[in-house]
Amino acid sequence: MRDVKISKHAYELGLGAHSFSVEAVDKAGNRSSQSINILVIVDYDRLPSLTDQFLVTNGSTEDLSSFESKLMSAKQSEEKGNTSAHNGQLQAFMNQVKAQSGKAFTEEQAKVLRELAESMVK
């Protein structure tokens, strides 16, 4: 018997629906298959967590609170129906992430964070 493990971060898959299927055949020719569907989303609770994960992974001294406050302000503006403020606060987050690209974040991490935030713009 051979175990195969496939591991990937959700952000590496990209936003949206993803389907995975696997089929196994034993020595006697018996077949078995399994499928799984995954929906990758981003929201105001998880984006700060991913931002923090990237900062910690890189050993950055950049303070998470400045990133998080922009996202929480965007969330509050969205809840109040203020689309303009919401989008402006997300843009401020994206600008700050871009400014830290190659510093607090790798270029790839900064790209991921900006794309996720961009998907939340109304």
Side-chain angles (χ1 to χ4, degrees):
M1 187 169 137
R2 196 172 112 206
D3 288 334
V4 177
K5 181 180 178 182
I6 299 172
S7 178
K8 200 165 190 94
H9 295 284
Y11 66 83
E12 293 175 305
L13 296 174
L15 294 173
H18 302 275
S19 297
F20 299 93
S21 299
V22 64
E23 184 175 289
V25 181
D26 66 15
K27 290 182 181 182
N30 299 309
R31 293 181 179 272
S32 180
S33 63
Q34 187 69 41
S35 296
I36 186 171
N37 296 313
I38 298 171
L39 179 61
V40 178
I41 62 169
V42 64
D43 62 28
Y44 293 103
D45 296 321
R46 286 160 189 86
L47 190 53
S49 295
L50 182 60
T51 304
D52 185 44
Q53 178 184 330
F54 286 162
L55 290 170
V56 170
T57 299
N58 298 334
S60 173
T61 58
E62 189 69 22
D63 186 13
L64 173 65
S65 64
S66 61
F67 294 97
E68 191 174 37
S69 67
K70 290 172 181 65
L71 294 172
M72 292 305 102
S73 293
K75 179 181 181 180
Q76 291 169 351
S77 293
E78 181 181 54
E79 289 169 350
K80 292 176 184 174
N82 190 339
T83 303
S84 178
H86 168 262
N87 292 344
Q89 289 147 345
L90 284 175
Q91 188 61 54
F93 172 82
M94 290 184 282
N95 290 344
Q96 184 178 10
V97 168
K98 184 177 181 180
Q100 290 299 318
S101 180
K103 299 172 189 167
F105 304 110
T106 66
E107 289 182 16
E108 184 60 31
Q109 290 168 336
K111 180 180 178 218
V112 166
L113 292 173
R114 287 192 322 268
E115 287 175 355
L116 292 173
E118 181 69 36
S119 74
M120 299 166 75
V121 172
K122 306 288 180 197

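Just so we're clear, the structure is a prediction, and the values are computed from it rather than from any experiment. FYI, side chains are in, hydrogens and waters are out, and symmetry mates aren't considered; it's all heavy atoms of this structure.
Put simply, CG on N58 and CD on Q100 are 11.0 Å apart, with the number rounded to the nearest 0.5 Å. Annotation: the span from S21 atom OG to N37 atom CG amounts to 8.0 Å, rounded to 0.5 Å.
Under the ring pair (Phe, Tyr, Trp, His ring centres under 6.0 Å) criterion, F93 pairs with no residue at all, not counting sequence neighbours. With sequence neighbours left out, the side chain to side chain donor-acceptor pair (under 3.5 Å) criterion links S66 to Q96. E107 meets the side chain to side chain donor-acceptor pair (under 3.5 Å) test with no other residue; sequence neighbours excluded. Residues satisfying the side chain to side chain contact (heavy atoms under 4.5 Å, CB included) criterion with V40, sequence neighbours excluded, are A10, L13, L15, H18, I38. Judged as a side chain to side chain donor-acceptor pair (under 3.5 Å), and not counting sequence neighbours, the contacts of S65 are D63. Partners of D26 by side chain to side chain donor-acceptor pair (under 3.5 Å), not counting sequence neighbours, listed by chain and number: N30. In this structure E12 satisfies the side chain to side chain contact (heavy atoms under 4.5 Å, CB included) test together with K8, H9, sequence neighbours excluded. Annotation: side chain to side chain contact (heavy atoms under 4.5 Å, CB included) contacts of S77 (sequence neighbours excluded): N82, A85, H86, Q89.
Residue Q34 places its CD atom among 12 or fewer non-hydrogen atoms of other residues, nucleotides or ligands, all under 6.0 Å distant.
Applying the ring-ring contact (aromatic ring centres under 6.0 Å, His included) test to residues at least two apart or on different chains, the pairs with a partner in residues 36-70 are Y11-F54, F67-F105. A salt bridge (Lys or Arg N to Asp or Glu O under 4.0 Å) check over residues 28-57, counting only residues at least two apart or in different chains, returns the pairs E23-R31, D43-R46, D45-K75.
Between the side chains of Q91 and N87, not a single donor N or O lies within less than 3.5 Å of an accepting N or O.
When side chains are defined from C-beta on, T61 does not count as touching L55, because their heavy atoms never get closer than 4.5 Å.
Counting side-chain heavy-atom gaps under 4.5 Å among Ile, Leu, Val, Met, Phe, Trp and Tyr, the cluster of L39 also holds I41.
Among all heavy-atom pairs drawn from L64 and P48, the shortest one is CD1-O, 3.8 Å. Heavy atoms only, all atoms of each residue included: A99 and K103 are closest at O-NZ, 3.3 Å.
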List the atom pairs, with distances to 0.1 Å, where a side-chain N or O of residues 110-122 and a protein N or O form a donor-acceptor pair under 3.5 Å, not counting sequence neighbours.
from, atom 1, to, atom 2, distance (Å)
S119, OG, L116, O, 2.6
K122, NZ, E78, OE2, 2.8

